[in-house]
Participant: 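Pasting a structure here, questions to come.
For this chain, numbers begin at 1 and follow the sequence in order. Atom set for the values below is all heavy atoms of this structure, side chains included, hydrogens, waters and symmetry mates excluded. This is a predicted model, so every value here is computed, not measured.
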Amino acid sequence: MPEFIPPAKPIIGAEERAAVDRVMQTGMIAQGPEVAKFEEEFAAALVDGRESVAVNSGTSGLHLGLLAAGIGPGDEVIVPAFTFAATGNSVALTGATPVFVDIELDTYCVDPAAVEAAITPRTKAIMPVHLYGHAANMTAIQAIADKHGLMVFEDAAQAHAATWQGQPVGTFGTFAMFSLYPTKNMTSGEGGMVSVADSEVARRLRLLRNQGMEVQYQNELVGFNNRMTDIHAAIGRVQLTKVAGWTKQRQENAAVLTAGLQGVTTPVVVEGCAHVYHQYTVRLPEALAPKRAELLARLKDEFGVGTGVYYPVPTNELPSFNVAVDLPNTKLAAASVFSLPVHPSLTASDLDRIIAAVNTVVEEA
Ligand SMILES: *Cc1c(COP(=O)(O)O)cnc(C)c1O
């Protein structure tokens, strides 16, 4: 049995451990100077200097971003159905209604035509997801938002350093959220970073993450404790210095996979965009979709190739939402996609093994 190639592999090195130790030795481990530095460095490195606010998870980032932008009961926010549950959850947690729409089958990102068709008098915002590390069509989404007077929020959880027509994700909407969960393209352990267009929204975000308080015991609004710790920020600061190199490695790995794979639909990169391959996701031909579980079991058991399915159930079909709406591309993608290892730790021989294994099991299916 060949050595197992995991579908994801967070890289935690000596520098991250030393950074944690450095903070521990100060005895001040909650939100403090490390978080402030991480926010500034993240802003400079990834979002053209846009003000950035660190929180304790990506989900908190979406939730507080929505609240800071004024989203609440009675409002509708248009989201793709094909994404991680946190996208829709964060909208629902504000008391607003997530309106689930279909995706485009090439990029797996929200379909602008479906967005426009879903607009009602209650629609306040559109929240595209830059799924797998490829940007949603921000030109079309911004045009629709401008035409209808809507805000745009970006779920950039999976897309650190991705670009749409040369412009970094996280610089388009009222706010954008980047997740720092261990399997994402960079991590702080747990964490999220919110880049914000407007200083008043940023101020409300900072209040909401800290009990509504800027001046101690003069709470201005009802808030949460969603602060990032200095320990987590110290890890994130180290990772931030490495994410560009890791991204390049992911892109090189993806190019090797795309050149070698047969019998599956490989990822599309829209002209002028940079895909950062949080996931390298392929699609089986429709006739083979019912055999997906069997094929992935073969990849794991016979070839030692780990895979993942992101996401097998559209958010609207989850028991937590259970909204009946006909979304054919979402349904097809949910039934037929799977993701292969693309992480920066892969060797050339790992990539060869992955390609040979996939080509074999698909051909024999
Ligand atoms: C990971 C992820 C989130 C949530 O981020 P956490 O840091 O895990 O809370 C939200 N949306 C998408 C698309 C994600 O992949």
Participant: Please give the remaining members of the hydrophobic cluster of V115, linking ILVMFWY side chains under 4.5 Å, ordered by chain and number.
Facilitator: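 Reading the cluster by chain and number, V115 sits alongside I78, V99, V101, V110, I119, I126, M138, I141, I144, L150, V152, W164, F172, V270.
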Participant: I'd like to check the salt bridge (charged side-chain N to carboxylate O under 4.0 Å, His left out) partners of E51; sequence neighbours left out, ordered by chain and number.
Facilitator: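 Expected list: R206.
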Participant: Just checking, is any N or O donor in the side chain of T120 or E76 under 3.5 Å from an acceptor N or O on the other one?
Facilitator: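 The criterion, which ignores hydrogens and geometry beyond distance, is satisfied for E76 and T120.
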Participant: For the pair D350 and T347, evaluate side chain to side chain donor-acceptor pair (under 3.5 Å) and give the outcome as yes or no after the intermediate values.
Facilitator: CA-CA 5 Å; D350 291 337; T347 64; 3.2 Å; yes
Participant: Rounded to the nearest 0.5 Å, what separation is found between the CG atom of L131 and the CD atom of Q158?
Facilitator: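 It comes to 5.0 Å.
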Participant: Kindly say whether E104 contributes a backbone atom to a donor-acceptor pair with the side chain of D111 at under 3.5 angstrom?
Facilitator: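 Here the side-chain-to-backbone pair does not exist.
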Participant: For the side chain of S57 and the backbone of E190, is there at least one donor-acceptor N/O pair under 3.5 Å apart?
Facilitator: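 Such a contact is absent between S57 side chain and E190 backbone.
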Participant: Can you sort out the partners of H134 under ring-ring contact (aromatic ring centres under 6.0 Å, His included), two or more places apart, ordered by chain and number?
Facilitator: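 Checked H134 against ring-ring contact (aromatic ring centres under 6.0 Å, His included); matches are H275.
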Participant: May I ask whether L208 and V77 are part of the same hydrophobic cluster, defined by side-chain heavy atoms of I, L, V, M, F, W, Y residues being less than 4.5 angstrom apart, directly or through others?
Facilitator: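 Yes, because L208 and V77 connect within a single hydrophobic cluster, where side-chain heavy atoms sit under 4.5 Å apart.
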Participant: Quick one: salt bridge (charged side-chain N to carboxylate O under 4.0 Å, His left out) partners of R22, sequence neighbours excluded?
Facilitator: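 With sequence neighbours excluded, R22 shows a salt bridge (charged side-chain N to carboxylate O under 4.0 Å, His left out) to E34, given in chain and number order.
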Participant: Identify whether the distance between the nearest side-chain nitrogen and carboxylate oxygen of R204 and E200 falls below 4.0 Å.
Facilitator: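 Answer for the salt bridge query: yes.
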Participant: Looking at T163 and G272, what are the two nearest heavy atoms and their distance?
Facilitator: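 Taking every non-hydrogen atom into account, OG1-O, 4.2 Å.
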Participant: Say you draw a straight line from OG1 of T183 to CD of Q279; how long is it, rounded to the nearest 0.5 Å?
Facilitator: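 The CD atom of Q279 is 7.5 Å from OG1 of T183, to the nearest 0.5 Å.
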Participant: Can you list the residues that meet the ring-ring contact (aromatic ring centres under 6.0 Å, His included) rule with H130, with sequence neighbours excluded?
Facilitator: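 Listed in chain order: nothing, the list is empty.
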Participant: Nearest 0.5 Å please: distance from the CD1 atom of I355 over to the OG1 atom of T360.
Facilitator: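 I355 CD1 to T360 OG1: 11.5 Å, rounded to 0.5 Å.
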Participant: Is there side-chain contact between D198 and F175, with at least one heavy-atom pair below 4.5 Å?
Facilitator: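 A side-chain contact under 4.5 Å is absent here.
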Participant: Does R283 have any salt bridge (charged side-chain N to carboxylate O under 4.0 Å, His left out) partners at least two apart in sequence or in another chain, and if so, which?
Facilitator: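 Result, salt bridge (charged side-chain N to carboxylate O under 4.0 Å, His left out) vs R283: none returned.
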Participant: Search all heavy atoms of T187 against all heavy atoms of I235 and return the closest pair with its distance.
Facilitator: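 Nearest pair, atom of T187 first, then I235: O-CG2, 3.8 Å.
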Participant: Under 4.5 Å between side-chain heavy atoms, counting indirect links through other Ile/Leu/Val/Met/Phe/Trp/Tyr residues: same cluster for L46 and V169 or not?
Facilitator: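 Yes; tracing contacts between hydrophobic side chains, which count when under 4.5 Å, links both residues.
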Participant: Go through T97 and V91 one step at a time and tell me if the side-chain contact (heavy atoms from CB on, under 4.5 Å) criterion holds.
Facilitator: CA-CA 6 Å; T97 303; V91 174; 5.9 Å; no
Participant: Give, for atom CE of M127 and atom OG1 of T83, the distance between the pair rounded to the nearest 0.5 Å.
Facilitator: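 M127 atom CE to T83 atom OG1 measures 8.0 Å (nearest 0.5 Å).
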Participant: Do L327 and F82 land in one hydrophobic cluster if side-chain heavy atoms of ILVMFWY residues count as linked below 4.5 Å?
Facilitator: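 Per the 4.5 Å side-chain linkage, L327 and F82 are not co-clustered.
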Participant: Provide the closest heavy-atom pair for R250 versus Y277 in the form atom of the first, atom of the second, distance.
Facilitator: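 So the minimum-distance heavy-atom pair works out to NH1-O, 3.0 Å.
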Participant: Counting only heavy atoms not in I29 (residues, nucleotides, ligands), do more than 12 fall under 6.0 Å from its CD1?
Facilitator: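 No, CD1 of I29 has 12 or fewer neighbouring heavy atoms, counting only those of other groups under 6.0 Å.
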Participant: Any ion pair linking E39 and R209 (charged N to carboxylate O, less than 4.0 Å)?
Facilitator: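 Yes, R209 and E39 are salt-bridged.
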Participant: D230 side chain to G32 main-chain N or O, any donor-acceptor pair under 3.5 Å?
Facilitator: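 Confirmed, D230 side chain pairs with G32 backbone.
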Participant: Under the ring-ring contact (aromatic ring centres under 6.0 Å, His included) test, which residues partner Y310, sequence neighbours left out?
Facilitator: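 Applying ring-ring contact (aromatic ring centres under 6.0 Å, His included) to Y310 gives none.
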Participant: Tell me every residue that passes side chain to side chain contact (heavy atoms under 4.5 Å, CB included) with V238, counting only those two or more places apart in sequence or in another chain.
Facilitator: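 If we apply the side chain to side chain contact (heavy atoms under 4.5 Å, CB included) test to V238, skipping adjacent residues, the hits are E15, E16, A19, K242.
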Participant: Among Q239, H160, H343, which residue meets the side-chain contact (heavy atoms from CB on, under 4.5 Å) test with N185?
Facilitator: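 Checked Q239, H160, H343 against N185; only one passes side-chain contact (heavy atoms from CB on, under 4.5 Å): H160.
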Participant: Considering residues at least two apart in sequence or located in another chain, which fulfil the salt bridge (charged side-chain N to carboxylate O under 4.0 Å, His left out) criterion with K331?
Facilitator: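 K331 satisfies salt bridge (charged side-chain N to carboxylate O under 4.0 Å, His left out) with E317 once adjacent residues are dropped.
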Participant: Locate the shortest heavy-atom distance separating T94 from H63; write the atom from each residue and the value.
Facilitator: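 Taking every non-hydrogen atom into account, CG2-CD2, 4.0 Å.
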Participant: Search all heavy atoms of V201 against all heavy atoms of A69 and return the closest pair with its distance.
Facilitator: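 What the structure gives for the nearest pair is CG1-N, 4.4 Å.
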Participant: Which value, rounded to the nearest 0.5 Å, describes the distance between Q211 atom CD and F224 atom CZ?
Facilitator: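 Separation between the atoms: 9.5 Å.
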Participant: Which pairs with one or both residues in residues 155-175 pass salt bridge (Lys or Arg N to Asp or Glu O under 4.0 Å), sequence neighbours excluded?
Facilitator: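 Matches after skipping sequence neighbours: none remain.
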Participant: Kindly give the heavy-atom pair with the smallest separation between G260 and N359, and that separation in Å.
Facilitator: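 Scanning both residues completely, I find the closest heavy atoms to be O-ND2, 2.9 Å.
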Participant: Using side-chain contact (heavy atoms from CB on, under 4.5 Å) as the criterion, point out the one residue from L64, L67, N226, N210 that pairs with L205.
Facilitator: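 Testing each of L64, L67, N226, N210 against L205, the sole residue satisfying side-chain contact (heavy atoms from CB on, under 4.5 Å) is L64.
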Participant: Mind checking ring-ring contact (aromatic ring centres under 6.0 Å, His included) for Y132 and listing every partner two or more places apart, or none if nothing turns up?
Facilitator: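 For Y132 the ring-ring contact (aromatic ring centres under 6.0 Å, His included) partners, ignoring immediate neighbours, are Y108.
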Participant: I need the single residue from P341, P7, S339, P267 that forms a side-chain contact (heavy atoms from CB on, under 4.5 Å) with Y280. Which is it?
Facilitator: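 Exactly one option meets the side-chain contact (heavy atoms from CB on, under 4.5 Å) with Y280, and it is P267.
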Participant: For E41, which residues count as a side chain to side chain contact (heavy atoms under 4.5 Å, CB included) partner, sequence neighbours excluded?
Facilitator: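 Expected list: K37, R237, L240.
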Participant: Is it true that S195 and S52 share a donor-acceptor pair across their side chains at a distance under 3.5 Å?
Facilitator: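 No, because no side-chain N or O of S52 sits under 3.5 Å from a partner of the opposite role on S195.
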